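Input: a single structure, listed below in structure tokens.
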Number of protein chains: 2
Amino acid sequence: METSNVIESFSALAQETRLAVFRLLVRQEPDGLAAGELARQLSVPHATMSAHLSVLSRAGLVVSRRQGRSIIYRANLNHMQEAIRFLVRDCCAGHPEVCGPLAESLIGYTPNQDKE
Amino acid sequence: METSNVIESFSALAQETRLAVFRLLVRQEPDGLAAGELARQLSVPHATMSAHLSVLSRAGLVVSRRQGRSIIYRANLNHMQEAIRFLVRDCCAGHPEVCGPLAESLIGYTPNQDKE
DNA sequence: TCCATATTTCCAAAATTATGGAATTATTGG
DNA sequence: CCAATAATTCCATAATTTTGGAAATATGGA
């Protein structure tokens, strides 16, 4: 992933509604959610939600497909994976004391822990 | 890490100069770099760099200490680690097909690979 | 075809962020 | 104390982002 896309992706997630949308879509995988349903669940006007979805979409963080009258949005987990990889590479570069614990926490990961 | 700080951190990194500053500081660990040196190396006016550093600092991504006339900035790797952990938790939640490969690439990490 | 539903596009106002010269605040050396 | 160096703060301008009502576009069913 090149830095211009990294910036676009961080910028997309650096907004309350959009971060909430992305997190919600991750939890809805692999089904996704319709645009209107996202607007309703997050109490955001249609036009505003549409603008946010287009930002997330341009960044590559979500993908959409039409299904009847609705447009279903899904989180693009591969893209997120690439973004994380970018951060890890820069962050760990020569600093295994950071990388190590991260890797451990990934290995020991169990889906049940959901605390902040 | 709470979502407000996550947003602040992403927002801080979602800007060309600031992302460059952070990456440079990671490579300079653990010595850090003076504010003026950062401005010079990245060809940014002092006042502008100072504003960017204060954004990174407020987000917790960098820390600073005075040394004589200079103020030395360092990357806060622990903070970055927390930010990555947040992403991974949301991204992997119930999706080991994403989490697994990430963990592998962390385990198999060697500092020499530096491709984009 | 006509109507209801789902979304997006248009557009303009409000809010936030970025920029950088000039002034101000610290620190060190003579 | 004074001059030089290093940074930050002040402040105004420019640029970008966010917001959401109203209009336009697309789809499916009667």
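Below, chains carry the letters A, B, ... as their sequence lines are ordered, and counting in each starts from 1. Model, not experiment: these values are computed from the prediction. Excluded from the calculations below are hydrogen atoms, water molecules and symmetry mates; all remaining heavy atoms, backbone and side chain alike, are included.
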Separation of [N] [atom2] from [X] [atom1] (nearest whole Å):
X        : N       : atom1 : atom2 : value
Leu53(B) : dA7(D)  : CG    : C1'   : 10 Å
Arg40(B) : dA7(D)  : CZ    : C1'   : 16 Å
His52(A) : dT8(C)  : NE2   : P     : 13 Å
Arg58(A) : dT16(D) : CZ    : C1'   : 12 Å
Arg65(A) : dT7(C)  : CZ    : C1'   : 16 Å
Leu19(A) : dT18(D) : CG    : C1'   : 16 Å
Met49(B) : dA18(C) : CE    : P     : 13 Å
His46(A) : dT18(D) : NE2   : P     : 20 Å

Please determine whether a side-chain nitrogen or oxygen atom of [X] lies at a distance below 4.0 Å from atom OP1 or OP2 of [N].
X        : N       : result
Arg18(A) : dT18(D) : yes
Tyr73(A) : dT8(C)  : yes
Ser54(B) : dT8(D)  : no

B/S/- contact track for nucleotides 21-30 of chain D, protein heavy atom under 4.0 Å: BB---SBS--

Sugar-phosphate, base or nothing in reach of Ala34(A), heavy atoms under 4.0 Å: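 Touches sugar-phosphate only.
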
Nearest to side-chain heavy atoms of Ser50(A), which nucleotide of dT19(D), dT9(C), dA18(C):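 So the side chain of Ser50(A) is nearest to dT9(C).
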
Closest to the Gln15(A) side chain, choosing from dT8(D), dT19(C), dT19(D):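 The listed nucleotide nearest to Gln15(A)'s side chain is dT19(D).
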
For Leu38(A), the option from Leu25(A), Val62(A), Ile72(A), Val44(A) that meets side-chain contact (heavy atoms from CB on, under 4.5 Å):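 Exactly one option meets the side-chain contact (heavy atoms from CB on, under 4.5 Å) with Leu38(A), and it is Leu25(A).
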
5'-most by nearest nucleotide on DNA chain D - Ile72(B) or Val44(A):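 Nearest-nucleotide comparison on DNA chain D picks Ile72(B).
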
N/O donor-acceptor pair under 3.5 Å between Asn76(A) side chain and Gly60(A) backbone: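 Looks like yes, one N/O pair under 3.5 Å.
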
Arg66(B) (side chain) donor-acceptor with Gly68(B) (main chain) under 3.5 angstrom: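 Side chain of Arg66(B) to backbone of Gly68(B), a donor-acceptor pair under 3.5 Å: yes, one is there.
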
Any residue meeting side chain to side chain contact (heavy atoms under 4.5 Å, CB included) with Glu37(B), in chain and number order, not counting sequence neighbours: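 Here the qualifying residues are Leu33(B), Ala34(B), Arg40(B), Gln41(B).
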
From Leu87(B) atom CG to Met1(B) atom CE, the distance as rounded to the nearest 0.5 Å: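 Rounded to the nearest 0.5 Å, the CG-CE separation comes to 9.5 Å.
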
Approximate separation, where rounding is to 0.5 Å, of Thr17(A) OG1 and Leu24(A) CG: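 Here the rounded value is 12.0 Å.
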
Flag side-chain contact, heavy atom, 4.5 Å: Leu13(B) against Ser9(B):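 When only atoms from C-beta onward are counted, Ser9(B) and Leu13(B) do not touch, as no gap falls below 4.5 Å.
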
